[in-house]
Amino acid sequence: MAPVFNVTPLLPFGILMIGALGLLAPASAATYSANYNDALSYYGGQCFSGIFLSDTPYNGLVAKIPSNKFQRGLGCGTCYEIRCTNHESCRNGGVNVTAIDDAGNGFLLSSEAWDKIVKERSTQKVDVTARRVNCARSGGMAVLVMSGSDPSWFWIQILNVANCGGVAGVEVARDGATSWTKMSRMYDTGQWELKPATAVVAPGKKISVRVTGLGGRKVELKNVIGADWLGGGQTYTSNANF
C-alpha cells in the first residue's frame, strides 16, 4: 500500500465553496432526453473526457452539478445524494451521483439516475434535496494517460477516487527521481497536464503520481504508470486510494 499522510489543503476557499460533507440543501433537478446517457456514457463531460461512464465504477449514475459546486473543475468526481421532494412523481429514497460537468443552475441527471428518483421519465423537472457524500469506490485509483501524450505534452486523468471524490492537485515523478513536479489542471476539466514535460517524464521509464484530495490528504501511487506509456491511451490501476 502506498504511503498516506496529511497536509494543509491546497485550495481551502474552493473546497469550502463545493460544500462540506453531509450538508443538506434544497435544489432543483432535471434530466435530458431518454437517450441522454447514451451520449453521456461516451462523452463523459468536462471531467471524464472519453470515459464510458456506463461502466464501473460510475454505472451511469452521474450528473452535471451547479456552478457553485463545480468550481471550474474542482468539483469533478465529487458525489451527491439527490432526493426528489414535493412532486407526485417522486420515488422514495434517493440516488448517489458522481459529478461530471457544470450545469449552471441546479442538477442535470443522467437517465439512469433520473429513474432512481422519479416514477415517470417524462417528468421534466423536480425539487430535490442534495448533500455531498463520500464516494463509494472499490480498489485503487487509476490513471489514464491521454492519447497523444509524449515528453512535450504529458496529460492524464485520475479515475476511481474514493471518499472525497475530487482532486485538488497532481504531481508526477520519474522512476528514481527524488522530487515531485506539479501538474496543472487543464481549463475547467478533470484532466491534468505538464507541458513541456521533457525534464520529468521519459519514454521507457515508469512514472509515480501523487494525488491530493479535496481535504488536503495526499496519496502516492508508486510507479503506477508503466514504462510503455508513450502515446497514451492506457489506463494504469494502483492499489492505493483515499
Side-chain angles (χ1 to χ4, degrees), residues 9-11 14-15 17-19 37 39-80 96-104 107-110 113 132 134-137 139-149 153-172 182-195 197 207 209-219 221 224-225 232-238 241-242:
L10 294 180
L11 297 168
I15 294 167
M17 289 298 290
I18 286 173
N37 200 55
L40 180 65
S41 63
Y42 175 75
Y43 169 61
Q46 289 179 237
C47 298
F48 300 107
S49 176
I51 300 297
F52 286 93
L53 295 175
S54 56
D55 295 340
T56 303
Y58 308 108
N59 301 315
L61 301 177
V62 295
K64 297 185 179 185
I65 63 174
S67 297
N68 65 344
K69 299 183 183 300
F70 189 72
Q71 287 293 301
R72 302 192 65 180
L74 191 63
C76 279
T78 52
C79 294
Y80 290 85
N96 286 5
V97 295
T98 299
I100 55 94
D101 210 328
D102 189 335
F107 289 82
L108 288 173
L109 275 60
S110 65
R132 196 172 146 231
N134 279 325
C135 296
R137 304 282 186 248
M141 281 182 276
V143 180
L144 169 61
V145 179
M146 304 300 290
S147 293
S149 285
W153 183 25
F154 182 71
W155 56 306
I156 62 176
Q157 292 189 80
I158 310 297
L159 308 173
N160 198 47
V161 180
N163 293 319
C164 63
V167 175
V170 176
E171 301 160 277
V172 289
K182 291 182 179 180
M183 302 187 78
S184 300
R185 187 184 297 277
M186 291 181 63
Y187 309 107
D188 300 344
T189 73
Q191 290 87 55
W192 297 81
E193 69 175 349
L194 187 61
K195 184 168 66 172
I207 303 169
V209 178
R210 190 162 66 179
V211 182
T212 303
L214 292 183
R217 193 178 180 189
K218 292 192 177 187
V219 174
L221 313 180
V224 63
I225 298 176
Q234 307 99 316
T235 299
Y236 301 92
T237 302
S238 75
N241 218 321
F242 289 105

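All values derive from a computational prediction rather than experimental measurement. Below, each value reflects all heavy atoms present in this structure, side chains not excepted, and no hydrogens, waters or symmetry copies.
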Verify, without hydrogens or angle tests, whether [X] (side chain) and [Y] (backbone) share a donor-acceptor contact under 3.5 angstrom.
{"X": "Arg210", "Y": "Val172", "answer": "no"}
{"X": "Ser238", "Y": "Met141", "answer": "yes"}
{"X": "Ser149", "Y": "Gly232", "answer": "no"}

Just so I know, are the side chains of [X] and [Y] near enough to count as touching, which here means a heavy-atom distance under 4.5 Å?
{"X": "Lys69", "Y": "Thr78", "value": "no"}
{"X": "Arg137", "Y": "Cys79", "value": "yes"}
{"X": "Ile51", "Y": "Gln157", "value": "yes"}
{"X": "Leu221", "Y": "Val211", "value": "yes"}

| said: Taking the basic N atoms (NZ, or NE/NH1/NH2) and the acidic carboxylate oxygens, is any pair closer than 4.0 Å for Lys218 and Glu171? | reply: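 Answer for the salt bridge query: yes.
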
With rounding to the nearest 0.5 Å, note down the distance linking [atom1] in [X] to [atom2] in [Y].
{"X": "Ile156", "Y": "Met146", "atom1": "CD1", "atom2": "CE", "value": "10.5 Å"}
{"X": "Asn96", "Y": "Asn134", "atom1": "CG", "atom2": "CG", "value": "10.0 Å"}
{"X": "Tyr80", "Y": "Cys135", "atom1": "OH", "atom2": "SG", "value": "9.5 Å"}
{"X": "Phe154", "Y": "Lys195", "atom1": "CZ", "atom2": "NZ", "value": "14.5 Å"}
{"X": "Ser49", "Y": "Ile100", "atom1": "OG", "atom2": "CD1", "value": "11.0 Å"}

Could you list the donor-acceptor pairs under 3.5 angstrom formed by side chains in residues 158-165, with sequence neighbours left out?
{"unit_1": "Asn160", "atom_1": "ND2", "unit_2": "Ser138", "atom_2": "O", "d": "3.0"}
{"unit_1": "Asn160", "atom_1": "ND2", "unit_2": "Gly140", "atom_2": "O", "d": "2.9"}
{"unit_1": "Asn163", "atom_1": "ND2", "unit_2": "Phe242", "atom_2": "O", "d": "2.7"}

Do you know the tightest heavy-atom contact between [X] and [Y]?
{"X": "Phe70", "Y": "Cys47", "value": "CE1-SG, 3.5 Å"}
{"X": "Ala168", "Y": "Gly213", "value": "CB-O, 3.6 Å"}
{"X": "Arg72", "Y": "Asp188", "value": "NE-OD1, 3.2 Å"}
{"X": "Leu194", "Y": "Met183", "value": "N-CE, 3.7 Å"}
{"X": "Cys76", "Y": "Thr189", "value": "SG-C, 4.0 Å"}
{"X": "Gln46", "Y": "Gln191", "value": "O-NE2, 3.6 Å"}

| query | Should Val170 and Val209 be marked as a side chain to side chain contact (heavy atoms under 4.5 Å, CB included) after you check the CA-CA gap, both sets of side-chain angles, and the distance that decides it? | reply | CA-CA 7 Å; Val170 176; Val209 178; 3.8 Å; yes

| query | So Leu61 and Thr98, side chain to side chain contact (heavy atoms under 4.5 Å, CB included) or not? Walk me through it. | reply | CA-CA 7 Å; Leu61 301 177; Thr98 299; over 6 Å; no

| Can you list the steps and then say if Ile65 with Asp101 is a side chain to side chain contact (heavy atoms under 4.5 Å, CB included)? | CA-CA 6 Å; Ile65 63 174; Asp101 210 328; over 6 Å; no

| said: Using side chain to side chain contact (heavy atoms under 4.5 Å, CB included), reason through Val167 and Trp192 one step at a time and then give a plain yes or no. | reply: CA-CA 10 Å; Val167 175; Trp192 297 81; 3.8 Å; yes

| Would Tyr58 and Phe48 count as a close aromatic pair, with their ring centres under 6.0 Å? |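 Yes, the ring of Tyr58 comes within the 6.0 Å limit of the ring of Phe48, centre to centre.
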
